[in-house]
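Below is one structure, written out as C-alpha cells, with a few remarks after it.
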Amino acid sequence: MITDRERAPLTRSFFDRPVLDVAPDLLGRILVRTTPDGAIELRLTEVEAYAGPVDPGSHAYRGRTERNAVMFGPPGHSYVYFTYGMWHCLNLVCGPEGTPSGILLRGGEIIRGADLARANRPTSRKDADLAQGPARLATALAVDRSLNGSDVCDPWTSVAGEPAGSPFRVLTGTPPAAGLVRSGPRTGVGGEGAVHPWRFWIDGDRTVSPYRAHAPRRRR
DNA sequence: GTTAGGATGATCT
DNA sequence: GATCATCCTAACA
C-alpha cells in the first residue's frame with residue numbers, strides 16, 4: 001500500500017534508501033535542470049522503480065557493465081542511457097551503495113523555463129506534452145549521456161556552494177493531494193519484471209504518460 | 001479518439 | 001543478430 005503522505009526530509013541521504021521508498025516520495029518534488037541558457041524546473045508526476053539484481057526489468061539485473069556502471073555507485077547521481085537509436089532516458093540512482101537500483105523519470109510538469117523546454121522539443125504541440133514520457137522528459141531538459149553520473153544536489157549542499165555547472169538539483173515542491181498517488185505495472189517491461197507494480201504516478205495529472213504494455217517488435 | 005509501422009544505433013548474447 | 005525502461009506520423013473510427 002502506498003502511503004502518499006510520508007515525505008522524507010530532502011537531505012543528502014534522501015536517495016540513500018530502498019528504491020521503493022524513494023520512488024513514490026519523488027512525486028510532486030521539483031527537479032531543477034540548470035543549463036548554460038538557464039534553469040528548467042520540472043514537477044515530477046510519474047516515475048518507475050528498478051530494483052537492481054532482483055529485478056529482471058533492471059539494466060543492472062545481469063551485473064555490472066560499462067553502460068550501467070553508475071547504478072553500482074553512490075546514490076544521488078544521474079543514470080542516463082541511450083535507447084531505440086534516438087532517445088535518452090534519465091534515472092536517479094538510489095541506495096544503499098552496492099544494491100544497484102534506480103528510478104526512471106517518466107513524466108512531469110514544466111513549471112519554470114518552459115521557453116527553454118519548448119526550444120529543446122519543438123515538436124511538442126502543447127505544454128502538457130513537453131515532458132510526458134521518459135524520452136520527451138529527457139529531451140525537454142536537454143539531457144544526454146554527457147550528464148551520466150552527475151551529482152544530484154540537495155538544497156542543503158547546493159545553497160551556497162553549488163559547483164559551477166552542476167546540472168541537477170531536487171527541491172521539496174508540493175506533495176500530491178491526499179489519495180492521488182497510484183501504482184501499477186511498469187510501461188514497456190515484459191517477462192517476469194511485469195508483475196511488479198513499481199510505476200508510480202499522480203492520478204489525473206495531464207503530464208502522466210499513457211500506459212503501454214510490453215509488446216515484442218515484429219521483425220522486418 | 002485509437003492503432004500500426006518506421007526511425008535508428010548502442011548494447012549484449 | 002535480437003533486443004531495447006520510445007516517439008512521431010499517418011490512417012482510420
Side-chain angles (χ1 to χ4, degrees), chain A residues 15 19-20 22-24 26-27 31 42 44-72 75 77-94 99-108 110 117-149 152 168 182-201 204 206-220:
Chain A
F15 290 102
V19 65
L20 293 181
V22 180
L26 276 174
L27 295 175
L31 179 70
L42 180 82
L44 296 171
T45 58
E46 183 189 3
V47 300
E48 277 177 2
Y50 288 83
V54 301
D55 177 8
S58 172
H59 286 177
Y61 182 56
R62 295 173 201 280
R64 178 175 179 146
T65 66
E66 190 171 349
R67 175 172 72 156
N68 65 23
V70 300
M71 292 185 76
F72 290 76
H77 289 252
S78 60
Y79 167 46
V80 181
Y81 65 87
F82 183 69
T83 192
Y84 288 102
M86 277 175 269
W87 312 108
H88 297 276
C89 290
L90 172 61
N91 301 251
L92 302 180
V93 175
C94 289
T99 62
S101 56
I103 298 170
L104 172 67
L105 306 184
R106 290 197 56 90
I110 305 282
R118 288 188 207 104
N120 293 331
R121 244 180 65 69
T123 57
S124 180
R125 303 297 246 147
K126 45 183 184 173
D127 282 2
D129 291 343
L130 280 172
Q132 184 193 52
R136 291 172 172 179
L137 186 154
T139 303
L141 268 50
V143 170
D144 63 24
R145 275 180 300 177
S146 70
L147 299 176
N148 187 36
V152 180
F168 299 114
R182 297 290 141 82
S183 72
R186 293 171 293 182
T187 299
V189 173
E192 299 174 19
V195 303
H196 299 119
W198 290 347
R199 172 178 176 248
F200 302 93
W201 69 93
R206 288 178 314 180
T207 62
V208 174
S209 68
Y211 174 74
R212 302 222 182 284
H214 177 76
R217 305 169 69 214
R218 277 184 56 191
R219 56 195 188 94
R220 34 180 309 214

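Proteins get letters first, then strands, A, B, ... in listed order; numbering begins at 1 in each.
Remark: Tyr81(A) pairs with His59(A), Tyr79(A) by the ring pair (Phe, Tyr, Trp, His ring centres under 6.0 Å) rule, at least two apart or across chains. Residues forming a salt bridge (Lys or Arg N to Asp or Glu O under 4.0 Å) with Arg199(A) (at least two apart in sequence, or on another chain): Glu46(A). With sequence neighbours left out, the ring pair (Phe, Tyr, Trp, His ring centres under 6.0 Å) criterion links Trp201(A) to no other residue. Residues that satisfy the side-chain hydrogen bond (donor to acceptor under 3.5 Å, both in side chains) test with Asp144(A), not counting sequence neighbours, are Ser146(A). Under the rule for a salt bridge (Lys or Arg N to Asp or Glu O under 4.0 Å), the partners of Asp127(A) that lie at least two apart in sequence or sit in another chain are Arg118(A). For Asp55(A), the side-chain hydrogen bond (donor to acceptor under 3.5 Å, both in side chains) criterion is met by Arg186(A), not counting sequence neighbours. In terms of the salt bridge (Lys or Arg N to Asp or Glu O under 4.0 Å) criterion, residue partners of Glu48(A) (sequence neighbours excluded) are, by chain and number, Arg106(A). For Gln132(A), the side-chain hydrogen bond (donor to acceptor under 3.5 Å, both in side chains) test picks out Arg136(A), with sequence neighbours left out. Among residues two or more places apart in sequence or in another chain, the side-chain hydrogen bond (donor to acceptor under 3.5 Å, both in side chains) test is passed with His196(A) by none.
Between the CG atom of Leu130(A) and the C1' atom of dC7(C) there is a distance of 14 Å, given to the nearest Å. Atom-to-atom, CH2 of Trp87(A) to P of dT8(B) comes out at 11 Å; the value is rounded to the nearest Å. The distance between atom CG of Asp144(A) and atom P of dA10(B), rounded to the nearest whole Å, is 14 Å. Following rounding to the nearest Å, His88(A) (NE2) and dT8(B) (P) show an atom-to-atom distance of 15 Å. For the pair Arg212(A) CZ and dT6(C) P, the interatomic distance rounds to 10 Å; values are reported in whole Å.
Along DNA chain C, the nucleotide nearest Leu104(A) and the nucleotide nearest Arg121(A) are compared for position; the residue whose nucleotide lies closer to the 5' end is Leu104(A).
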Could you go through nucleotides 9-13 of chain C and list every protein N or O atom that sits under 3.5 Å from one of its N or O atoms, giving the distance for each pair?
none

Anything under 3.5 Å between a protein N or O and an N or O of nucleotides 11-13 of chain B, put it in a table, one pair a line.
residue : atom : partner  : partner atom : Å
dC12(B) : OP1  : Thr65(A) : OG1          : 2.5

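As judged by a 4.0 angstrom heavy-atom cut-off over every strand, Arg199(A) is placed among residues making no nucleic acid contact. Among the protein residues, Gly57(A) comes within range of the nucleic acid bases, having at least one heavy atom under 4.0 Å from a base atom.
Helical stems involving DNA chain C, defined as 3 or more consecutive Watson-Crick or G-U pairs under 3.5 Å, span B:1-7 with C:6-12, B:9-12 with C:1-4.
Nearest heavy-atom pair across Gly63(A) and Phe72(A) is C-CZ, 3.6 Å. Nearest approach of Cys89(A) to Thr83(A), heavy atoms of both residues: SG-CG2, 4.4 Å.
For the pair Tyr84(A) and dT6(C), the ring geometry qualifies as stacking, because the centroid separation is below 5.5 Å while the planes lie within an angle under 30°.
When the side-chain nitrogen and oxygen atoms of Arg136(A) are compared with OP1 and OP2 of dC8(C), one or more of them lie within a distance under 4.0 Å. Remark: His59(A) is in phosphate contact with dA5(C), judged by side-chain N or O atoms under 4.0 Å from OP1 or OP2.
In terms of modelled atom types and a separation under 3.5 Å, the side chain of Arg121(A) and the main chain of Leu130(A) share a donor-acceptor contact.
Judged by distance alone with a 3.5 Å cut-off, a donor-acceptor contact links the side chain of Tyr81(A) to the base of dA5(C).
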